[in-house]
2 protein chains.
Amino acid sequence: MVLVKDLSRYEGAEVTLAGWVDQLRIHGKVAFVVVRDGTGYVQNVLVKKELPGEVWDLAVSLSQETCVEVTGVVRAEPRSPGGYEMGLATLRVLGPSPEYPIQPKEHGVEFLLDHRHLWLRSSQQRAGLRVRSEVEQAIHDFLYERDFVRVDTPILTGSIGEHAGTLFTTDYFGEDAYLAQTGQLYVEAACPAFRNVYCFGPTFRAEKSKTRRHLTEFWMVEPELAFVDSQGNMAFQEEFVSYLVERALERCRPELEYLERDLSRLEKVKPPFPRVSYTEAVARLQEKGSRIQWGQDIGGADETLLSEDHDLPVFVYNYPTGVKAFYMKENPQDPSTVLCDDLIAPEGYGEIIGGSQREDDLDRLLARIHEEDLPVEAYAWYLDLRRYGSFPHSGFGLGLERTVAWITGRRHIREMIAFPRLINRLYP
Amino acid sequence: MVLVKDLSRYEGAEVTLAGWVDQLRIHGKVAFVVVRDGTGYVQNVLVKKELPGEVWDLAVSLSQETCVEVTGVVRAEPRSPGGYEMGLATLRVLGPSPEYPIQPKEHGVEFLLDHRHLWLRSSQQRAGLRVRSEVEQAIHDFLYERDFVRVDTPILTGSIGEHAGTLFTTDYFGEDAYLAQTGQLYVEAACPAFRNVYCFGPTFRAEKSKTRRHLTEFWMVEPELAFVDSQGNMAFQEEFVSYLVERALERCRPELEYLERDLSRLEKVKPPFPRVSYTEAVARLQEKGSRIQWGQDIGGADETLLSEDHDLPVFVYNYPTGVKAFYMKENPQDPSTVLCDDLIAPEGYGEIIGGSQREDDLDRLLARIHEEDLPVEAYAWYLDLRRYGSFPHSGFGLGLERTVAWITGRRHIREMIAFPRLINRLYP
């Protein structure tokens, strides 16, 4: 069986391929059946007088998404998207598709999400998810080429991550287990084994208060770098993000063009990215009319205000201790802040990275755990990393769906994952 | 800062590197400090009379796993593992390590698992986990090069997979959600979008009855191939598995040699793999003295008996319907069996793949769901895939930890994952 993407190799030959009916157009005694095989679209041309009656009758009765096997001769057709079409000779229905629920008319988003298992077949969804897949491979390639060792961290955890109260809980043979919000604490443990490491997998947030646009399950890549400080961490992040954008531009141009992404904006994404301290950011936001006060976290609207000043993603670094997680390293120049960075994507896409140098001093880390009222015994193993050969290290988490939403220029992160989990949605 | 793996580039130069103290040997007025930096080991040679007294005193007091920064001149030393050593000039302690819990003496496995966050640093564990990381990249590369689109499937699911009663449950904003045992049903939905697809992530089994050697959380890669039958599925699996073994041999030879793996056994792993029908397998097992009867599943001990006859992994295909999952396609030649395969690794490592052609007939699939007493409404979306353009397709799941245990020749799959989850273990 031949694939649509390979048709150019078969010009003049009779081939068989299989796929799903995307479109049927009948113009009197000529009909056109467009078939999608997962690698592309091909137009099959049928001329009534050249075909047995039953083939013509079957063809003009095909409904959307019928699975068919078609045989015909491949010929060049410059007006066709791939440059080729097929002169259909025989046709076999593998799977009928009566009354396909998704029609070319507009459907509401809840209807489409209810039919996500079918909606995936639409061109827009395919384009977005193909970019996601490319970005994922790019993540692995970038880190592999730099000798990072992948370390898969557990989803089921006895200890808890950053924020109690936003965790999914399950009974684990009589104990409570929590679904991990991050793999970071675990990858830190692997640095002394492999130096530079990362994890990549699903993470969970049981945040009831969030809007329906937030995912409760999303994917995050979390690299951790031994003997790298906060400055080096930002330098690594800008290289990493620029590479992901470059790979999408290089290998997903048709998808980005289909989605009408402004490619010139992506082409600008190269290191170095601008760096603004939290304190400068607050001053700048106040000038722009925001009511933010020093000490408060920077919310989504303020992130958008900041991103307006830049064509590139922008780092905001060294936030106040009070708004950041317990494991971030105290800033020796200003102990009211920590050595951290958020990377804010341009065009209002918000934070795509949160990173920090990690607190490597046992006593300061223990003090922060007490201040945050976290259960010390659950973190005993994490504290061991500071007891036995503590080392300067930094790392970050990049949220995959937000990053892909920005790269593809799509507003909704729920479309950047095949089966989104929202507070009102576990199905399909 | 220089990495141990790059030392050959710096012969004769003074360099600085950082890492953890692996070993200290003192021979009178000469001392040797072996440092591990995550990329390799380097021996630092100290000559008392050439050093300030405080450097010597500090060096000879170093305890295991102390984090140090060392500066010295690189010189060729053929007896050294990497071919180079350093003449230590200065030394700085970055993180002390008093009374490191893991000592060269034998520890019990529960003690080591309690200290898994530190045990990861040991040579044997590092070797196994590095092979795991290489195999994971090989999985992605193999599928990416063949145009598979990666589709991440949800962990939180409302419907249930294969076996009720072995699922972890969580409250999902008032509903019950189950942790996925497989992503297969979801990747099937993505075939009409992308043709060939796969998922790779953690899967969960809440099996109380299993021994402590079973993981409750393990990683599985699940490719799904449109327009491929059970025969093509097995052909793809043998190519895939052979590639993973070849990559490990090519890029992890030092690790495999360290683990004393018999490489000649791995070098034989090339397609085609032997194929034995379930019915033949039962006859053969009975000849070998097993009490298995036709209709029963093939257990671990019987798998080992079968694997004894082959140097290669062996396919056992077309099991009785009653012992396999509802979604497997009825064998048209013998409706008491389904078109499926298990791939059994050699040397007693057991089943590493379970695969099948999927039932693509709506009525037969529905009948099987009723026979198994599964909740039809939860599978409504899955049935839609047979309502709208059903297509022949096949796929399989390869268990990562078992595969890596076989490749590395290690007995315990709990050592093939950084933080194993066992029925009695959620910590660290």
Side-chain angles (χ1 to χ4, degrees), chain A residues 1 18 20 37-39 65-67 94-95 97 100 117-118 120-121 126 130 133 136-137 140 144 149-158 168-170 172-173 175 177 186 189-190 192-195 201-202 208 217 219 226-227 381 384-385 388-391 417-419 421 423 426-428, chain B residues 1 18 20 37-39 65-67 94-95 97 100 117-118 120-121 126 130 133 136-137 140 144 149-158 168-170 172-173 175 177 186 189-190 192-195 201-202 208 217 219 226-227 381 384-385 388-391 417-419 421 423 426-428:
Chain A
M1 200 177 284
W20 291 265
D37 81 339
T39 75
E65 292 302 322
T66 302
C67 184
L94 302 179
S97 176
Y100 187 67
H117 53 294
L118 303 175
L120 293 176
R121 305 179 187 188
R126 290 173 60 241
R130 190 177 276 276
S133 175
E136 292 185 284
Q137 184 70 25
H140 290 299
Y144 180 77
V149 172
R150 176 171 174 177
V151 174
D152 299 308
T153 56
I155 302 299
L156 293 166
T157 56
F168 290 108
T169 312
T170 186
Y172 192 83
F173 309 110
E175 281 182 83
Y186 293 95
F194 301 117
R195 193 172 194 104
K208 273 185 213 171
E217 179 177 344
W219 281 61
F227 307 111
W381 68 266
D384 272 359
L385 309 180
Y388 305 112
S390 192
F391 55 104
I417 187 164
F419 294 94
R421 293 298 177 243
I423 61 169
L426 260 177
Y427 179 96
Chain B
M1 200 177 284
W20 291 265
D37 81 339
T39 76
E65 292 302 322
T66 301
C67 183
L94 302 179
S97 176
Y100 187 66
H117 53 293
L118 304 175
L120 294 176
R121 305 180 186 187
R126 291 173 59 241
R130 188 176 277 275
S133 175
E136 291 184 285
Q137 183 70 24
H140 290 299
Y144 180 77
V149 172
R150 176 171 174 177
V151 174
D152 298 308
T153 56
I155 301 299
L156 294 167
T157 57
F168 289 109
T169 312
T170 186
Y172 192 82
F173 309 110
E175 281 182 84
Y186 293 95
F194 302 116
R195 195 172 192 104
K208 274 185 214 172
E217 178 177 344
W219 282 62
F227 307 112
W381 68 266
D384 273 358
L385 308 181
Y388 305 112
S390 192
F391 55 104
I417 187 164
F419 294 93
R421 293 298 178 241
I423 60 169
L426 260 177
Y427 179 95

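What you see is a predicted model, and the numbers here were worked out from it, not measured in a lab. Letters A, B, ... mirror the listed sequences (proteins, then strands); counts begin at 1.
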Measure the [atom1]-[atom2] distance between [X] and [Y] for me, rounded to the nearest 0.5 Å.
{"X": "A/Leu156", "Y": "B/Arg421", "atom1": "CG", "atom2": "CZ", "result": "7.0 Å"}
{"X": "A/Glu217", "Y": "B/Thr157", "atom1": "CD", "atom2": "OG1", "result": "9.0 Å"}
{"X": "A/Glu136", "Y": "B/Tyr144", "atom1": "CD", "atom2": "OH", "result": "12.0 Å"}

Looking at chain B, which one of [options] has the largest number of heavy-atom pairs inside 4.5 Å, strictly under?
{"options": "A/Tyr172, A/Phe391, A/Trp219", "answer": "A/Tyr172"}
{"options": "A/Ala193, A/Ala418, A/Ala189, A/Cys67", "answer": "A/Ala193"}
{"options": "A/Ala226, A/Pro428, A/Pro192, A/Ala177", "answer": "A/Pro192"}
{"options": "A/Val151, A/Thr153, A/Asp384", "answer": "A/Asp384"}
{"options": "A/Thr169, A/Ile155, A/Leu94", "answer": "A/Ile155"}

Handout entry: Minimal non-hydrogen separation, B/Gly389 against A/Ser97, with atom names
Key =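 Heavy-atom minimum between the residues: N-CB, 3.7 Å.
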Practice task
Please name the pair of heavy atoms, one in B/Leu118 and one in A/Tyr388, separated by the smallest distance, quoted to 0.1 Å.
Solution key: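 Here B/Leu118 and A/Tyr388 meet closest at CD1-CD1, 3.9 Å.
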Practice task
Could you label the plane-to-plane angle of the B/Trp381 and A/Phe419 rings as parallel, tilted or perpendicular, counting under 30° as parallel and over 60° as perpendicular?
Solution key: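 Aromatic pair B/Trp381/A/Phe419 classed tilted.
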Exercise for the section: May I ask you to decide if the ring planes of B/Trp20 and A/Phe227 are parallel, tilted or perpendicular, using 30° and 60° as cut-offs? Expected result: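 B/Trp20 vs A/Phe227 ring planes: tilted.
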Under a 4.5 Å heavy-atom cut-off, does chain A meet the side chain of [X], its backbone, both or neither?
{"X": "B/Val149", "answer": "both"}
{"X": "B/Phe168", "answer": "both"}
{"X": "B/Pro202", "answer": "side chain"}

Exercise for the section: Against chain A, work out which of B/Ile417, B/Asp37, B/Thr66 has the most heavy-atom pairs shorter than 4.5 Å and name it. Expected result: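 Going by pairs under 4.5 Å, I would pick B/Asp37.
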Practice task
Look at B/Arg121, B/Glu175, B/His117, B/Met1 and state which one has the largest set of heavy-atom pairs under 4.5 Å with chain A.
Solution key: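 With the most close heavy-atom pairs to chain A, the winner is B/His117.
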Practice task
Check step by step if side chain to side chain contact (heavy atoms under 4.5 Å, CB included) holds for A/Gln137 and B/His140.
Solution key: CA-CA 7 Å; A/Gln137 184 70 25; B/His140 290 299; 3.4 Å; yes
